[in-house]
Amino acid sequence: MALEIDSILGKWLGLNTTSSHTAVASTNLFVALLCACIIVGHLLEENRWINESITALSIGLCTGVVILLSTGGRSSHLLVFSEELFFIYLLPPIIFNAGFQVKKKHFFRNFMTIMLFGAIGTLISFGIISLGAIHFFQKMNIGSLDIADYLAIGAIFSATDSVCTLQVLNQDETPLLYSLVFGEGVVNDATSVVLFNAIQSFDLSHIGSSIALQFVGSFFYLFITSTLLGVLTGLVSAYIIKRLYFGRHSTDREVALMILMAYFSYMLAELFSLSAILTVFFCGIVMSHYTWHNVTESSRVTTKHAFATLSFVAEIFIFLYVGMDALDIEKWRVISNSPGKSIGVSSILLALVLVGRAAFVFPLSFLSNLTKKSSFEKVNIKQQFTIWWAGLMRGAVSMALAYNQFTRSGHTQLRGNAMMITSTITVVLFSTVVFGLMTKPLIRILLPSSKHISGSMISSEPSTPKSLTTSLLSNGQDPEADPAGDQNVYRPTSLRMLLCTPSHTVHHYWRKFDNSFMRPVFGGRGFVPFVPGSPTEQDVLQWPPQSE
């Protein structure tokens, strides 16, 4: 067993794995850096410019410089980046926590707009970036890239990273904007990964109508089956915990089962070559709607903070490593004879990201506003600009996809691969640091009265664990925001009827189905495990079924 652990560490740790002691020392140093990121991030929390992502990235860069100097230019990081490390261990807690903590009321109220931005918008951005890469990079002669590589570039740089913006926005003060940025970010990541997987699974050297149809079919197949798998896994976890009720013996079993079932959904999707991001995200939504309410109060608090902590540490880990890896001399040596071309490629990619983002945010916002009756539900121009800005930053998903696509043949051997890896690093660093530094001041300028939002716009959901008692689907119209909405006879346009009325109808029938069939089987809000003499005995009166 010790030899196996050493071999695993040896795979992850770079030039510093000459002995088990060195491996342990390197791991300890990395853990110490994680602690430093948390402490410095806390001290700079109120800073006008800095956020957690930039803090971790800056510490990673400084550490990389120190390691680079101490090793004589041979290495700049403690860990060797691995797509498996990222996709199997770091990404699952981040995405699951996003689904588990999401305020479903606002998420599903704006579901059509979120899907427009996250799915359709990502496809538009993917097309613009891919076509731009083909047009410019073939003329620049940057290396031996084929059509699959150019399409992969479109998928890589369509993956947004809204962490910086979400750290500034407050979902209680700006619920509409937060739900749009948050929801679009998650769906965007999932769509980008599904696109990337579909590109890798097809031979695109001879594109024809049949290949295009298969590509589209594969995309929708992955999207739908991944979502269904996440829902199914979440329901299974709810049923098991409700029927067996582990809390009567030990709340540790409840917490352990929830964590393991969440991770099981992710790995099951990987096993069947589906989109694990979509699967674990919807598993988190279903588990927060059913499973979370089937456990004791202590388990609810524990799971909420456990998932949030794991997600927080994973995000810091990623940005810290990206900062160190940016100085890896091995990648830059291959393109050292043409720095100007490398800067040109990075600049073109940044320009394509800007144009591709604007090409769908503003038109789709206009289309979404046509379906909204209340002015509070419409996305104004300042909010549109904030949404556009939120998606300009590129992060860990783009890095992981780039490594996956351009290191299969070795980035040190192929010039085109090295060029794309280094350009991805440049874009990620520039967008995170430059755009990230400007995020707080920009939002304060665009949304100066965010702290004085009227009571109708402030979410009624508390930030405690009980915030997850909100329903899976809510009314599309907030009666408090528009008191006259239910009194006046209103004849919507055909477009509004197409996009709005069905969602209200689906919500109505979902409510009836959920109350009549789902909750009696899977539990959920209103279900209180009763243990005589335990705190849940007092919770019975605190968790009644709410009228809907």
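Values reported hereafter were calculated over all heavy atoms of this structure, with side chains retained and with hydrogens, waters and symmetry mates removed.
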Identify the heavy atoms of A133 and I153 that sit nearest to each other, and give their distance. CB-CG2, 4.2 Å

How far does CG of L61 sit from CG of L320, to the nearest 0.5 angstrom? 9.5 Å

So, does S368 use its side chain to make a donor-acceptor pair with the main chain of L364 at under 3.5 Å? no

For I129 and S158, work out which heavy atoms get closest and say how close. CD1-OG, 4.0 Å

Could you grab the distance from atom CE of M267 to atom OH of Y263, nearest 0.5 Å is fine? 4.5 Å

Looking only at atom types and distance, does a side-chain atom of Y266 sit under 3.5 Å from a main-chain N or O of M261, one as donor and one as acceptor? no

Could you tell me which non-hydrogen atom of L33 sits nearest to which non-hydrogen atom of I59, and how far apart they are? CD2-CG2, 4.2 Å

Donor-acceptor contact below 3.5 Å, side chain S311 vs main chain A308: no

Close side-chain approach of T432 to D161, heavy-atom, < 4.5 Å: no

For T291, what residues pass the side-chain hydrogen bond (donor to acceptor under 3.5 Å, both in side chains) criterion, not counting sequence neighbours? S237

Side chain to side chain contact (heavy atoms under 4.5 Å, CB included) between S346 and F430: does it pass, once the steps are laid out? CA-CA 10 Å; S346 301; F430 184 88; over 6 Å; no

Looking at C37 and I316, what are the two nearest heavy atoms and their distance? CB-CG2, 3.6 Å

Please identify each residue that fulfils side-chain hydrogen bond (donor to acceptor under 3.5 Å, both in side chains) with T122, with sequence neighbours left out. N188

Looking at L229, V236, L235, which one forms a side-chain contact (heavy atoms from CB on, under 4.5 Å) with T233? L229

Are the side chains of N404 and F196 in contact, using a 4.5 Å heavy-atom criterion? yes

Under 3.5 Å, side chain of N110 to main-chain N/O of T113, donor-acceptor pair present? no

Is a side-chain N or O of T279 found less than 3.5 angstrom from the main chain of S226, in a donor-acceptor match? yes

Has S431 got a side-chain atom pairing as donor or acceptor with R394's backbone, closer than 3.5 angstrom? yes

Taking the six-membered ring where the residue is Trp, are the ring centres of Y290 and Y239 under 6.0 Å apart? no

Rounded distance (nearest 0.5 Å) linking atom CD of Q405 with atom CE of M420: 10.0 Å

So do I147 and I134 actually touch side chain to side chain, heavy atoms under 4.5 Å? yes

Run F522 and H289 through side chain to side chain contact (heavy atoms under 4.5 Å, CB included) and show every step you take. CA-CA 10 Å; F522 300 104; H289 185 61; over 6 Å; no

How far apart are the C-alpha atoms of F117 and V181, what are their side-chain angles, what is the distance that settles it, and do they pass the side chain to side chain contact (heavy atoms under 4.5 Å, CB included) test? CA-CA 9 Å; F117 287 157; V181 173; over 6 Å; no

When you measure from the side chain of T371 to the backbone N and O of L367, does any donor-acceptor pair fall under 3.5 Å? no

Nearest 0.5 Å please: distance from the CG atom of N417 over to the CG atom of L145. 7.0 Å

Pairwise distance CE(M438) to CH2(W389) - rounded to 0.5 angstrom: 4.0 Å

Where do F385 and V361 land on the side chain to side chain contact (heavy atoms under 4.5 Å, CB included) test, with the steps shown first? CA-CA 8 Å; F385 189 86; V361 168; over 6 Å; no

Sorted by chain and residue number, the ring-ring contact (aromatic ring centres under 6.0 Å, His included) partners of F281 (sequence neighbours excluded) come out as F107

Pair F126 + F157: ring centers closer than 6.0 Å: no

For V194, does its backbone N or O pair with a side-chain atom of N197 as donor and acceptor, under 3.5 Å? no

M258 vs F100 side-chain heavy atoms within contact, under 4.5 Å: yes

Does F272 reach the side chain of T225, with side-chain heavy atoms less than 4.5 Å apart? no

Within-4.5 Å side-chain heavy-atom neighbours: I259 and T303: no

Atom pair OG (S192) and CG (L123), whose distance is rounded to the nearest 0.5 Å: 9.0 Å

For C283 and A262, work out which heavy atoms get closest and say how close. SG-CA, 4.3 Å

Measure the shortest side-chain to side-chain distance between I94 and F312 over non-hydrogen atoms and say whether it is less than 4.5 angstrom. no

Is the closest side-chain heavy-atom distance between F137 and I348 below 4.5 Å? yes

Check whether Q383 reaches the backbone of N380 with its side chain - one donor and one acceptor, N or O, closer than 3.5 Å. yes

Check L349 against S423 and note the closest heavy-atom contact, atom names and distance. CD1-CB, 3.9 Å

Does the R357 side chain pair with the main chain of L392, one donor and one acceptor, at a distance under 3.5 Å? no

